[in-house]
Amino acid sequence: MKYLDEFRDGPLAGRLAGEIRATATRPWTLMEVCGGQTHSILRYGLHQLLPPGIELVHGPGCPVCVTPLELIDKALAIAARPGVIFCSFGDMLRVPGSGKDLFRVRAEGGDVRVVYSPLDAVKLAQRHPDREVVFFGIGFETTGPANAMAVRVAKQQEVRNFSMLVSQVLVPPAMEAVLAAPGNRVQAFLAAGHVCAVMGCDAYPPIAQRYRVPIVVTGFEPLDLLSGILRAVRQLERGEARVENAYERAVRWEGNPEARRVLAEVFEATDRSWRGIGVISHSGWRLTAAYREFDAELRFDVGHLQVRESPLCRSGEVLRGTLRPDHCPAFGRECTPRTPLGATMVSSEGACAAYYHYGHFVSAGSVAASH
Amino acid sequence: MEWTCPLPLRDYPTIVMGHGAGGQLSAELTEHLFLPAFRNPALEALTDAAVLPSLGGPLVFSTDAFVVRPLFFPGGSVGELAVNGTVNDLAMAGAIPLHLSAAFILEEGLPLETLGRIVARMAEAARRAGVHIVTGDTKVVERGHGDGCFIATTGVGVLRKGVELSPAAVRPGDVILCSGYVGDHGMAVMSVREGLEFETLIESDCQPLHTLAAAILEDPGPVRVLRDPTRGGLASALHEIARQSNVGLRVDETALPVRPEVRAACELLGLDPLHVANEGKLIAVVAPEAAEAALARMRRHPAGADAAIIGLATDAHPGVVAVRTAVSATRVLNMIFGEQLPRIC
């Protein structure tokens, strides 16, 4: 497959890993920000190619994982209403709320549908003018443009029975939260390539300077990740803390101006609560005044919801990079993809799920035994 | 496949509750729709049970139910699935498939023309697989209580002479063969169901595997086990073998035959081809000294033309399936949990 196979080349990967080994003279801790990167690393076993001193910790960049429980409970309450068609990306259906997940709501009679694009939800609303169609608009800056576009189209075409439950979160404030947290071990970042493809790289030099960390914009294929790691290690060895773009085939410094324009029109910054982390100032988006009529939280009053987190789940520490998923006492025991206690065990981008699915042989025994 | 509604059925262009009530409408449906398509001596008697000739060997017996949306998809329909699914279950056990039963659960309002086309495709699939549909049943459920047409088939066959297949026979060092491109069926159904368009049409691989199995079993001694990796894909089939044999299996991801268009679709949807359903592929675990010969026999057969050696059994990690990745690292291959491609077959 063009543009993919070239970046999965085994011998080239071996050569890059060799360069990393030759460059690293002491231990370094790197965080890959995005859950897609975490999955790629574990799926291809890239960590097995690195010298023992180079540790990868997994960042908070899994939108499904950081969506707060209260919002999931709201989604469940809205989805269970008669007359509502609740649309979501597939990942979100198995994420546990306080009591159940969207699959259960569907089994109990709720009309819950998986869509591949938020614009499909708008079309659905046009086909069903007698129903309220709600789209669960979760994600980082990457899903932002399509979600913004859906709301914009709904307004232009006067699709009044469409609304969006917005849970948009932003990467740079989360990176700062990781760096500012007590016990932080992260010395360099592999920044989320696709977020940068939309938003550009402007936000990162101040972070690199303030916290003295190299930030390397990195892609998702094995060679992308290895070259991102190599560049970060090179900077660390030289005592540098710059923003570098190792994903030039997708990322321009200024990002995608057209997407940014639509985003600025539809969304504005707001404080957001992150599951497992807490409230981070200016870390998310909500609809601007011009589009607020499409906000599902305002359209549906679901009353006060009592939120209940599993006391065993330590996904907050996993998301901040201070706990390795397989070091969690509940990992593979009380908590499996079949019976997830937290979202990090559900999403295809969640670090706990990635460890479970692709776990190295250290944990293979316990993985096999749990079936 | 064309289907013309026979005269006595034309008063009712769609299925009504009466078609399952056991009265005159039921009889007309059997006589004018099912019987002409499936015609064979055992069925012709139209009694409650078919009397079969003695089979002269151990019986192999299997059953399966088929629900798929949409009913017709590129490369097949629920009709072919219902025949080939049970034929292949028998074939994987080392049997010569012989007789099938077919039970239909129809939804009120299903166009008779749709049922006619499904039944015509079943009849053709049965001819191709060399089996007779010797008994059957029809029930009708109210509109909204079914998905058009559900089919359950049960099959009997006779075990081939000298064949003893069992996962318990798998030994470290044994070779894993795969009969061709994986993931075609799952992606074909998914692409029509979700309205995804790709440059190339992805067609289901739905086909009978009994003659391919026969070719592999020409030298039955070294063949440990045969499996058709349907729902859950190759991953589930390999897991079953690993767990039942308590031997580790190691698959080389770069050796796995996957069509470029299926790989592209999987990339797009975030799926692993190892988890996607097949309806016309098998995996064989064979003693190492016989693997090349088995591969050659598979490749001479049209259903195995793209066969490949994809991995080995090992004593390194009993009961666990591992994948060697493109960058020569190793990861554990897990089964999918719950719903990934809902209701493919």
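A note on names: the letters A, B, ... follow the listed sequences, proteins ahead of strands, and every chain is numbered from 1.
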Worksheet item: Tell me, side chain or backbone of E253(B) under 4.5 Å from chain A's heavy atoms, or both, or neither?
Response: side chain
Worksheet entry | Best-contacting candidate, P260(B), A264(B), A316(B), against chain A by heavy atom pairs under 4.5 angstrom | A264(B)
Response to the item:
Here the pair of heavy atoms bringing Y44(A) nearest to A329(B) is O-CB, 3.2 Å
Fill in: Closest non-hydrogen atom pair, D272(B) against R43(A)
OD2-NH2, 3.3 Å
Practice prompt. Report the distance from atom OG1 of T325(B) to atom CG of L49(A), rounding to the nearest 0.5 Å.
Written response: 7.5 Å
